[in-house]
Amino acid sequence: MIMLSINKLQYHTKRIRSIVNEIKRTTFCFTRFLNSKSRLFPLVFFYSFSLIVGLVGCNKLVEVAPPVTSITDDNVYASDATAIAVLTGIYGQLSTTSNYNSMGLTTISLFSGLSSDELTLFGGGTGNYNAYYTNNLSVGAGGFEYWNNIYPYIFTCNSAIEGLASGSSLTPAIKRQLEGEAKFMRALFYFYLVNLYGDVPLALSTDYSLNGLLSRSSKAQVYSQIVNDLKDAQTSLSADYLDPTLLNTTNERVRPTKWAAAALLARTYLYTQNWDSAEVQSTSVINNLSMYGLDSLNGVFLANSTEAIWQLQPVNTGWNTEDARVFIIPSTGPDPFAYPVYLSPQLLNSFESTDLRRTNWIDSTIVAGNTYYFPYKYKVNLQGAPVMEYLMMLRLGEQYLIRAEARAYQGNTTGAVQDLNIIRIRAGLPPTTAASQSDLIAAIQHERQVELFTELGQRWLDLKRTGSVDSVMNSVCPLKNGSNWVTNQKLYPIPLGDIQRDPNLVQNPGY
Amino acid sequence: MRLTGFLLLAAALHVSATGTSQKVTLSLDHVPVQKVFAEVFRQTGISIVYTESMFKDFSPVTIHMRDASPEEVLDKCLKDQPFAYSMEGSMIVIKKKVSPPAVADSSFSSPPPIDIHGHITDSSGAPLAGASVTIRGTKTGTTTDVNGNFELRNAKENVILIISYTGYTTKQIKTNGHDLTVLLSKSNSPLDEIQVIAYGEVSKRFQTGNVTTVKGEDIAKQPVSNPLLALEGRVPGLFITQVNGLPGSAVIVRLQGQNSILNGNDPLYVIDGVPFTSQLLPTTTGGPLGSSGAFSNGTSLQGNPLSYINPSDIESIDVLKDADATAIYGSRAANGAILITTKKGKIGQTKGEINLQQGWGHITRKINLLNTQQYLEMRHEAFRNNGATPDSNYDYDLTLWDTTRNTDWQKIFIGGTSQYTNVNASVSGGTSVMQYLVGGTFHRETTIFPGNFDDKKGSLHFNINSQSINQKFHLQLTGNYLIDNNLLPQTDLTASALNLAPDAPALHNPDGTLNWMVAPSGASSWYNPLAGLYNTYQNKTNNLISNLVLGYKLFNDIEIKSSFGYTSLQTNEFAPSPLIAYKPEQRSSNTSSALYSNSTINSWIIEPQAFYKRNIGKGRLDFLIGTTIQQNNSNGQALAGVGYNSDAVLANILSATTIVPVSSVASVYKYNAAFGRLSYNWDSKYLLNFSVRRDGSSRFGSQNRFHNFGSIAGAWIFTQESFIQNNLPFLDFGKLRGSFGTTGNDQIGDYQNLNLYSPNIVGVPYQNTTGLVPNGLSNPYLQWEETKKIQFGLDLSFYKERILLTANYVHNQSSNQLLSYGLPIITGFYTVNKNFPATVQNTAWELSLTTTNIKTRNFSWTSNINLTIPRNKLISFPDLASSSYSNSLIVGQPVTILKKFHQIGVNDSTGIYEFADSKGSPTYNPSYTTDQTAIIDRAPRYYGGFQNSFSYKGFHLDFLFQFVKQIGASYAYTFIPGVYIGGSVNGYNQPVSVLSRWQKPGDKSNIERFSSDFSTAGAYSYSAGSDAAFTDASFIRLKNLSFSWELPKSLLQKTHLQGCRIFMQGQNLLTITHYAGMDPENQGTVTLSLPPQKVLTVGFQMGL
């Protein structure tokens, strides 16, 4: 223990004073050192060294060229090839999506088939399959993937639309076509978003500070944007199918044309009950006889079939379509991972007995006495087989059914029956017996169910747009898994991350 | 004898025999000064000559000194008094101070000055450059040049020189001007241990920063293949997690907590002065090694680059924590720096050393899983609960398999023994102009999985030091080269060990082939996990780290040097998927394929530096200035091959019918900086340290490319003050230090400031052209994250260094957070890199106590305990509620928290889990937006280590207990009990704890009812996201045990051996924990990954 007497205090005061003096002396020494002429040389040395260091600290040494693996946005829209590659990138990405590893837009055939009454899940299933099948989606268990998958494509479209507008060095024809493709694709993406999720935020620029705060736009606003984009696309897009230079025509139907825009516009008008416009647009496609005609049932889904308005070229090495890969059940039977679904009895039972589609577009595998029926529109599922089938995005058959429905609602039952029968006759069925407007509309809906099954969610979207979803699902759900249908389940949940990150975004009811 | 005219000789002149000791210990209070002199004579035999009358006015003195020299005693007694003294042979003559004589008188009144020349060496004769030489009692002094030579002009005769050098015992030499050679011996004091710091080194005694050193010998005691694992439990403030138990596995390193909310939290690694990557490139082949933490945008990174450093080449690892130690590293050192110094050649005879080690590893613990009887009970009850019956086409575990079988799959898949082999040999030696060291190591570790998997490493380490004959020029070349060939299965079999139903079929048929247990449909009823082993993962890595230092002494006090470093880390990965790994029936519709990837990280660095040393006033000034020019190039490609005609040719990509590009990385990172440091040590009492750095980096936006960092630190060695010496004689060293400064974090990955498009790689290009895809959102304003560090420390040494205590208080605040700011995907991307004015604070107490409990001639026992009590806190986050972090962060809480549901148990009527909603009412379907009210913090509450070393003659025993108090993930909610999953899982076995499930209404249970389908999946996933999925994962682990016996010299005399040591070492030998899963460190039961292994080795070491 230190006991300080007065003396000691004085002593310490003295000590402190002497320390202060020492500091003063040291400071003096430093000053003298710095002023000293004899130290001039070292000082000069240090100053020049510091100067070198100062010079070194310039931008040149920390500037790097963009990575050789990528291109900066300034350059992308400065040349035709790279600008085209941005849109090609979207088609490639869409086409690469496999039903197993990610949830891209093209997997909607499988997953909305599980949501609706088209598919049965095998073996209890795992993870998301089960959540879709039991209509028990949640922000933790599926349904939000399409949102997550589609908005990045919309960003690319927006970036292309902005970049093309400022890219003056592009060939005018190419620039026009690309603007059309970008708007067409943006419309397609919003079409699926609004149908899967209801009201959705309408991001039309690349500005993240703006887009990050968007609230939901009403369905009407979204549809109006889709229509505007498609109208623009219709005027910009080429009437012929183009090769990847966008300068020559080709018979590969893998890039959107003005007919694709018209076909999607027809569907959009149908969904918004703008019957006359739907009829006008579908008619414009149907009347293009030099390009389009109905194929035989087994020819519809072949690459570049005459029925194809727009297809996606498969890009996964060794495979034809991803749909064939997941749907076709091999002789060993379904498998919870590789072949998790087969056709539901509801769908099978809805076919009329002589329907050729039942035999041409459906096949089965018998395992241990159980028969599993599966979609057989796409028939090539062997790895390494030559590529014969492309994924159908828009086809003429649907346009007939769109026009039939549009005509029926406008009271043109004769025209409607005509269009409906074109589809029925190809399927080997007798002409429709429906005569009244309401019977006819019901017959068209039924025809859509058996014509467009497991095709990019047509059934699920039809159920919802026609308002029959609750009645159909109320009877289907107990058959699927004993659960009860809740009407909120017709909209998929919005990703939790977006609800959390965008303060203006509200979740769909029930999630 | 030359005496001045003022000298008075006393009548009473004691002439005595030469003293026995030159050290004096005094403890006198308020005594006449004569009494002190008498005591000095009594203890040393040195007479002090004076006249009584001189001290008649002298006030009594109080003096407490221990082991002081007589001169020190006199200095103290006569301080600030008009007396001087001089040493005259074996006596000391006291005289009145001379007033400055008139100029005219000087020629005859002062003796002519002399020049003193000398040479200072260490005990091996090597010159000590930069040693300080001062004339005692004066401010005159100099430092030795590179040759160890010094010259003091115009000195008086018979002065006493104080010669000191960091890390050596200070010597006092009396001289009268002859050429001297002074030999300094290495100090044994722990306070004089050298610590490596940025661009230099310093002894612990004069350290102003918060630095912990782990010595090579402590690393050598541990059978580990990644040197980071040897630091576990040894360094206060450093928390290390081994991600899994595979050789080469990932390691997560947190130094003084998590500073960055989202971006890299890795320290800067510097190996022999060359910065080394803290993360490997992202791999595309997957692989089982695990992730060492996200680098940028959550990219998956595998393994840890420090696995490619050979622990046995390491001389020391210095962990730099505070601003004083790290600010000079600027924008890279916000998370501290870990400096690895490899072994160097030393002057002396050529020495050889061979070290052989062989060991065996096992998992630390098994988990108690259901046996077949219990499993079947669960499954049947699940079907009863659901009113369902097993499906013979699916529920094979009940319908097809032999339900009398019971296999402990943990024993089969992870119950094996791994082999650990390490052979190391080195030769070193040198003369004063050239020293060298060459060492080679072979290392092999196998896995505990069935099958032939192993990790083989060969490494070469060399070092050459050379000085020119005139000692002005010096060169040091160091190289470390390591080749690693790691062969592992692609998937960790731990998953099968835990999940497989206990009645699953035998792995092999009686004929030795794999058993697929074919179902009536003709399909295999399970995926035989051993088939998965055909999907191997091979990682071949070459790592070169080299450094050349050239130095030249321009003047006596100025030295320039430059280091040139080059590193190259090359990794080739190969991951085949042969047909034989498929189920037999799937082989016809599949083809074999393989993934090949190679990646290279090259970096070069040039760092010219200049040093200036000078004594100014009573102190010593050290000045350093330098600059850094650095470039990193990262390149990687991955290719997939498809369609081979045989599994045997998978290793050759040319055998593939189709080759598909998978990914490519090419990035360049440039870095440029200027730095400086000024240190001033005043009288070994007050220390002051400034450092600055100006940094520029290509990672940052064009608008914000340069930034300044700096620190100021001071220390006061208060035991140098006489009032402390007098009053606290038991305290032999005490230092208070404090530092303040700024450092930065630039771990965001390259090119984040550019808007980039990358090729969209697909198998068959769309329309035969390659598409472009935007990479992300760019931000040209990106800037450093800045961490302000304030740290205080106290170093104490008691009772002749028997007790050493170091305490640090840490207060770090990181602001300008470089957030990968979360965006809604509406914007096109999940994140944008952005500086955000959020502040994260890390405070901690870091304590380390080393005691020498017993020290006798033959026996010694020392202990060390270190403890870190960290606290992380989010200080501010503007507009948190509306940000993407609103659901993961809370101001005032640690950034490591997780927000979870609060599970309130199983509803006793339905048997389903219930959760509390935001209002506390029970619900089955809590909302992710509002009901995540439970807060879980998995960061450790406190952690540390307790080490004891015993040595008795040639025996040494050393053990280290590591302790961690933490919350971890519990295994209870990994999957729904009662469900069977086919495919690759083949069951879903559960821990026996599920048997306490709810069975009938009224049952109180914490486990919900068994279910054979997914009807309870919702409740299960909510539970997995609730507080019930977390449990106490604290543990105490015998991290290291090392026992060795040094053969006595007498035994070795007949051989040519210099030394021989037999040893036994163990790692993770014993774990004490309440944690119910396999291992509390990596909680691998939850991630289905292999826990760290316990390894026991034996070996011997020979010196030639």
Side-chain angles (χ1 to χ4, degrees), chain A residues 2 25-26 29-30 33 42 49 53 56-57 61-62 64 66-73 76 82 85-86 88-89 91-93 96 123-124 130 139-140 148 151-152 155-156 159 201 203 208 211-212 214 244 254 313 315-318 332-333 336-337 367-368 383 496 498-503, chain B residues 393-394 520-523 558 585 590-591 610 616-617 625 627 629 642-643 658 660 664 666-668 670 672 674 694 696-698 705 727 751 754-758 760 762-764 766-767 769 771-774 777 822-828 832 882 884 886-887 928-929 982-983 1013-1014 1021:
Chain A
I2 307 169
R25 270 199 294 275
T26 310
C29 289
F30 265 107
F33 158 71
F49 193 86
V53 167
V56 159
L61 281 164
V62 289
V64 293
V68 295
T69 48
S70 324
I71 300 177
T72 59
D73 60 343
V76 164
T82 50
V86 174
T88 308
Y91 311 136
Q93 279 180 290
T96 197
N130 192 269
V139 290
N148 283 344
Y151 271 109
F155 174 88
T156 311
S159 146
Y208 66 82
N211 293 340
L214 287 176
V254 296
Q313 171 208 321
V315 295
N316 292 336
T317 314
T332 50
F337 291 95
V367 183
Q383 195 180 7
L496 180 64
D498 274 25
I499 297 290
Q500 289 164 348
R501 292 165 185 200
D502 180 346
Chain B
N393 281 323
Y394 186 71
S521 68
I558 296 176
E585 69 271 20
N590 282 284
T591 66
I616 297 176
I625 188 165
T627 177
I629 306 164
V642 183
T658 314
V660 187
S664 77
S667 67
V668 179
K670 283 188 183 175
N672 176 223
R694 181 167 173 78
S697 161
S698 63
R705 201 147 262 175
N727 291 300
Y751 304 118
L754 295 176
N755 226 338
L756 296 174
Y757 284 74
S758 292
N760 176 39
V762 293
V764 181
Y766 200 86
Q767 283 196 311
T769 58
L772 282 172
V773 180
L777 297 166
L823 293 173
I825 193 68
I826 307 167
T827 59
V832 61
S882 63
S884 56
S886 61
N887 208 45
Y928 279 95
T929 34
D1013 64 14
F1014 293 84
S1021 75

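Order of the sequence lines sets the chain letters (A, B, ...), proteins ahead of strands, with each chain counted from 1.
Residue with the most contacts toward chain B among A/N148, A/T88, A/N316: A/N148 (heavy-atom pairs, distance under 4.5 Å). Looking only at heavy-atom pairs under 4.5 Å with chain A, the residue among B/I825, B/V832, B/T827, B/N760 that has the most is B/I825. Comparing A/S159, A/G333, A/A85 by how many heavy-atom pairs each has under 4.5 Å with chain B, the most go to A/A85. Interface check for chain A: of the options B/G771, B/G643, B/S1021, B/A523, the most heavy-atom pairs under 4.5 Å are formed by B/G771.
Nearest heavy-atom pair across A/G92 and B/V762 is O-CG1, 4.0 Å. The nearest pair of heavy atoms linking A/D502 to B/P824 is CB-CG, 3.8 Å. Scanning all heavy atoms of the two residues, the minimum distance from B/G822 to A/R501 falls at CA-NH1, 3.7 Å.
A/D498 is linked by a side chain to side chain donor-acceptor pair (under 3.5 Å) to A/W147, counting only residues two or more places apart in sequence or in another chain. Looking at residues two or more places apart in sequence or on another chain, you find no side chain to side chain donor-acceptor pair (under 3.5 Å) involving B/S698.
When heavy atoms are compared at a cutoff of 4.5 Å, B/S697 approaches chain A solely by way of its backbone atoms N, CA, C and O. Looking at B/T591, the atoms closer than 4.5 Å to chain A (heavy atoms on both sides) sit in the backbone and in the side chain alike. Interface residue B/L777: only side-chain heavy atoms are found under 4.5 Å from chain A. In this structure, the portions of B/V668 lying under 4.5 Å from any heavy atom of chain A include both its backbone and its side chain.
Using modelled atom types and a 3.5 Å distance limit, the side chains of A/T82 and B/Y757 yield no donor-acceptor pair.
Residues B/V764 and A/Q313 are in side-chain contact: their nearest non-hydrogen atoms beyond the backbone lie under 4.5 Å apart.
Checked by atom type and distance alone, the side chain of B/Y766 pairs as donor or acceptor with a backbone atom of A/V254 at under 3.5 Å.
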